[in-house]
2 protein chains.
Amino acid sequence: MSDPRHPRASGRATLSDVARHARVSAITVSRALNTPDKVSSELRERIEIAVRELGYVPDRSARALASRQSFTVAVLVPSLSNAVFVDTLRGISERLDPFGYQLLIGDTGYSAEVEERRLRAYLEHRPDGVLLTGQAQTEGARALLAHAGVPVVRMMDLSADGLCVGFSQIKAGYALTRHLLERGHRRIAYVAAQLDERVRLRGEGYRCAVREVGGDDPRLEVAVPDPSSVHLGGELLGRLLQQAPDCDAVFCCNDDLAWGAIFECQRRGIDVPGRLAIAGFNDLEMSACINPALTTIATPRHQIGVAAADLLLAAIAGEPPADGQRDLGFSLVVRQST
Amino acid sequence: MSDPRHPRASGRATLSDVARHARVSAITVSRALNTPDKVSSELRERIEIAVRELGYVPDRSARALASRQSFTVAVLVPSLSNAVFVDTLRGISERLDPFGYQLLIGDTGYSAEVEERRLRAYLEHRPDGVLLTGQAQTEGARALLAHAGVPVVRMMDLSADGLCVGFSQIKAGYALTRHLLERGHRRIAYVAAQLDERVRLRGEGYRCAVREVGGDDPRLEVAVPDPSSVHLGGELLGRLLQQAPDCDAVFCCNDDLAWGAIFECQRRGIDVPGRLAIAGFNDLEMSACINPALTTIATPRHQIGVAAADLLLAAIAGEPPADGQRDLGFSLVVRQST
DNA sequence: CCTGCTAATGGTTGCGCTAACATTTACCCA
DNA sequence: TGGGTAAATGTTAGCGCAACCATTAGCAGG
């Protein structure tokens with residue numbers, strides 16, 4: 001047997017190693033770490049010293065198993081390359097970190113199948129809560145969540161049943177298109193990539209607005225499923241100008257595409273907004289810096305993360321879902337590109 | 001007592017629920033899930049059915065506790081807003097996912113203190129391996145890692161002891177500055193933000209190069225600790241032109257700043273590269289799209305992720321650290337901005 | 001017909017921790 | 001002084017799973 005005064009050689013110090021070292025019982029060490037005010041200051045100090053001397057780091061697995069609480073929250077976003085979701089993550093993290101929750105962050109690559117796979121993997125951690133982007137889960141994913149019985153908050157969109165924080169993508173698409181119409185444009189195009197749920201809804205809003213003035217025309221829509229990128233924005237602009245040379249405004253489904261479109265116009269000597277107005281979506285940092293500065297929809301993505309975390313915390317605490325839906329709105333930011 | 005045919009109402013199905021359902025022992029279920037070829041196909045099938053019917057999801061905490069292996073890998077990067085690290089993460093994930101490792105992804109906000117805090121939190125999961133960015137950990141972080149006895153691979157930089165994958169930031173900074181010198185520029189500025197280790201090393205390389213031709217001048221350096229952004233790039237360019245109006249080339253420590261500088265030049269009517277050459281660092285996607293296209297250093301960040309994961313896998317498997325240092329190099333991408 | 005092997009399966013134990021209950025101690029007020 | 005209370009600490013059991021060891025069945029070889 002190993003020397004009882006030292007942690008066993010094979011592994012790391014455990015609670016009872018610390019307990020032995022501090023000459024108290026294991027549960028007292030547990031309390032000293034988790035509910036310090038239930039332990040006398042004398043013992044607490046002795047325990048703290050023992051913890052430091054042994055380099056003790058608690059084992060979350062054991063704690064989770066014993067306490068039936070993992071203190072982790074799973075977060076699934078479509079992509080970490082998209083600043084929108086990173087901003088949301090930051091909001092979540094800001095809100096959840098102080099409570100000791102640890103995030104399991106994963107990206108789905110905009111794929112429902114990957115989402116299900118990741119979800120299954122994360123549920124193995126028995127998270128106390130789950131944050132998802134959008135509602136387009138597979139049947140399997142929904143079944144997993146139902147079985148798990150874990151609180152779920154969906155982000156970005158509205159109109160889901162259950163807890164949900166976001167804004168109306170349709171209304172935002174509509175509002176931006178209305179702005180272009182009010183500027184006098186009548187041949188407004190919609191350029192989209194990465195055709196996820198939200199991009200489709202923005203297109204929906206676009207179509208609503210142009211139809212109202214009888215300006216809908218399939219040639220004015222360019223949509224490809226490829227991942228969005230600045231380069232693609234330029235390419236799609238080229239394609240658009242070929243199939244609808246008379247268009248006078250472009251609504252890009254996100255800022256990246258809009259930047260690419262603007263760069264392409266610069267190369268082709270197309271005046272923006274004189275000959276062609278260009279608008280984006282999301283208001284990423286750079287959109288205010290580019291020339292001409294980009295008109296876009298500012299989305300409250302950071303706030304969505306914060307609010308989603310709040311809602312989740314309430315749900316974990318067992319509070320009744322007062323208002324399941326939280327609409328955080330959006331705002332139109334008009335700059336020089338329109 | 002609860003009906004033994006059904007999982008208990010209070011919680012989720014466990015291994016023994018599945019075992020009961022399939023009329024086998026718990027350990028057989030465990031084997032059917034983890035080492036399927038050690039179980040007869042008949043039982044395996046029965047177990048699979050039971051798993052599906054009960055919606056069983058294994059509990060990683062319990063598994064980790066019993067098997068003394070968590071099958072998780074902790075990854076710490078400075079920021080998720082920086083595409084460089086997201087690309088690295090993707091490389092890591094691609095390599096580690098097939099092995100069933102799950103990533104604990106965290107950002108440190110470029111702060112060694114946050115890094116230590118996150119590291120401590122992640123070590124509570126008893127990860128099988130740790131991936132860190134750079135080497136600037138605190139004493140505490142180093143002590144934590146030493147105590148944990150977990151394999152660690154450091155990314156991005158070179159010249160650490162231990163396992164390490166990256167490229168020489170100094171040489172890259174030097175190479176880019178040499179390029180500007182060869183283009184005939186003699187008043188080359190260095191503009192930097194987010195003054196982390198890597199940015200300082202690039203500056204070091206810059207200084208080496210300009211000193212060789214006697215062109216070093218403190219007025220040609222603008223460095224602020226603020227987080228890097230496109231907007232800041234424009235601002236710093238303004239500051240630079242004020243304190244060194246005669247400079248004829250700018251080496252920005254990253255692409256974001258360079259974009260901002262180019263936009264600022266556009267606004268001021270400064271010809272790039274005629275009046276002022278501008279170069280960046282990292283070769284992010286947009287750098288090829290902007291006008292003029294940006295000269296920059298292409299960094300093998302995705303490959304760094306892959307290689308770091310490989311090195312870590314080997315270390316976890318207990319293979320001797322053959323070559324602790326892996327230099328993946330970089331390449332100069334010359335475009336129109338210089 | 002027995003030995004020795006392998007493949008398939010099960011029983012027991014313990015991973016590190018905390019919930020629940022039990023116990024001890026100190027101290028207050030009637 | 002005794003009964004009561006609250007605060008501090010300990011004891012026991014068990015979370016869900018896999019390591020370890022045992023057992024059984026089937027079969028080849030002498």
Side-chain angles (χ1 to χ4, degrees), chain A residues 1-2 7-8 10-47 50-51 54-72 100 123-126 128 148, chain B residues 1-2 7-8 10-47 50-51 54-72 100 123-126 128 148:
Chain A
M1 291 299 136
S2 63
R8 91 193 65 80
S10 61
R12 298 152 71 171
T14 70
L15 244 206
S16 36
D17 292 326
V18 176
R20 211 161 18 229
H21 203 83
R23 298 183 314 282
V24 296
S25 73
I27 190 66
T28 304
V29 178
S30 172
R31 278 195 276 254
L33 296 174
N34 300 319
T35 51
D37 45 303
K38 287 192 178 166
V39 173
S40 67
S41 56
E42 187 208 330
L43 285 195
R44 204 183 322 139
E45 203 167 314
R46 234 161 66 200
I47 289 169
V51 163
L54 296 179
Y56 171 70
V57 174
D59 184 320
R60 278 183 94 91
S61 291
R63 184 204 301 244
L65 199 57
S67 69
R68 264 137 279 191
Q69 242 211 318
S70 67
F71 270 100
T72 64
L123 287 178
E124 295 189 354
H125 287 272
R126 301 287 184 267
D128 298 332
Chain B
M1 290 297 139
S2 64
R8 92 195 62 83
S10 61
R12 299 155 71 172
T14 70
L15 244 205
S16 35
D17 293 325
V18 175
R20 209 156 25 224
H21 203 83
R23 299 184 313 282
V24 296
S25 74
I27 189 67
T28 303
V29 177
S30 171
R31 278 195 277 254
L33 296 174
N34 300 320
T35 50
D37 45 301
K38 286 191 178 166
V39 174
S40 66
S41 56
E42 187 208 330
L43 285 196
R44 205 186 320 142
E45 203 167 313
R46 234 160 68 199
I47 290 169
V51 164
L54 297 180
Y56 171 70
V57 174
D59 184 318
R60 278 183 95 91
S61 293
R63 182 203 300 245
L65 200 55
S67 70
R68 265 137 277 191
Q69 240 212 315
S70 68
F71 269 101
T72 64
L123 287 178
E124 295 189 352
H125 288 272
R126 302 288 186 266
D128 298 332

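In what follows, chains carry the letters A, B, and so on, assigned in the order in which the sequence lines appear, proteins first and then strands, with residues in each chain numbered from 1. Side-chain atoms are counted along with the backbone in the values below, which use heavy atoms only and exclude waters and symmetry mates.
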Note, B:V57 side chain near A:R126 side chain (heavy atom, < 4.5 Å): yes
Given protein heavy atoms under 4.0 Å, the one-letter contact record of nucleotides 4-11 of chain C, with B base, S sugar-phosphate only and - none, is simply ----SBBB
Round to the nearest Å and state the distance from B:R60 atom CZ to C:dC15 atom C1'. 17 Å
Roughly how far apart are A:T14 OG1 and A:R12 CZ, rounded to 0.5 Å? 11.5 Å
Looking at CG of A:L43 and CZ of A:R23, how far apart are the two atoms once the value is rounded to the nearest 0.5 Å? 9.5 Å
Could you give the distance from CZ (B:R63) to CD (B:Q69), rounded to the nearest 0.5 Å? 10.0 Å
What nucleotide among D:dA18, D:dC15, C:dT18 has an atom nearest to a side-chain atom of B:S30? D:dA18
For the helix from C:dC1-D:dG30 to C:dA30-D:dT1, how many degrees between its two end axes (five pairs per end), to the nearest 10°? 40°
Atom CG of B:N34 to atom P of D:dA19: distance rounded to whole Å? 8 Å
Atom CD of B:E124 and atom C1' of C:dG16: how far apart are they, to the nearest Å? 13 Å
Output side-chain donor-acceptor pairs under 3.5 Å for residues 24-33 of chain A, partner residues at least two apart or in another chain, one line each.
from, atom 1, to, atom 2, distance (Å)
A:S25, OG, A:T28, OG1, 3.0
A:S30, OG, A:N34, ND2, 3.4

d(B:H125 NE2, A:S70 OG) to nearest 0.5 Å is 8.5 Å
Identify which nucleotide among D:dC17, D:dG16, C:dC17 has an atom closest to any side-chain atom of B:L65, counting heavy atoms from C-beta outward. D:dG16
Can you find a side chain N or O atom of A:R63 that sits less than 4.0 Å from OP1 or OP2 on C:dT18? yes
Out of C:dC15, D:dG14, D:dA18, minimum distance to the side chain of B:S67 belongs to D:dA18
Please report the interatomic distance CD1(A:I47) to CG(A:L15), rounded to the nearest 0.5 Å. 9.5 Å
Can you tell me how far C1' of C:dC15 sits from CZ of A:R12, to the nearest Å? 14 Å
Could you check how far CG of B:L15 sits from P of D:dG14, rounded to whole Å? 19 Å
Could you state the atom-to-atom distance from CZ of A:R126 to P of D:dG16 in whole Å? 8 Å
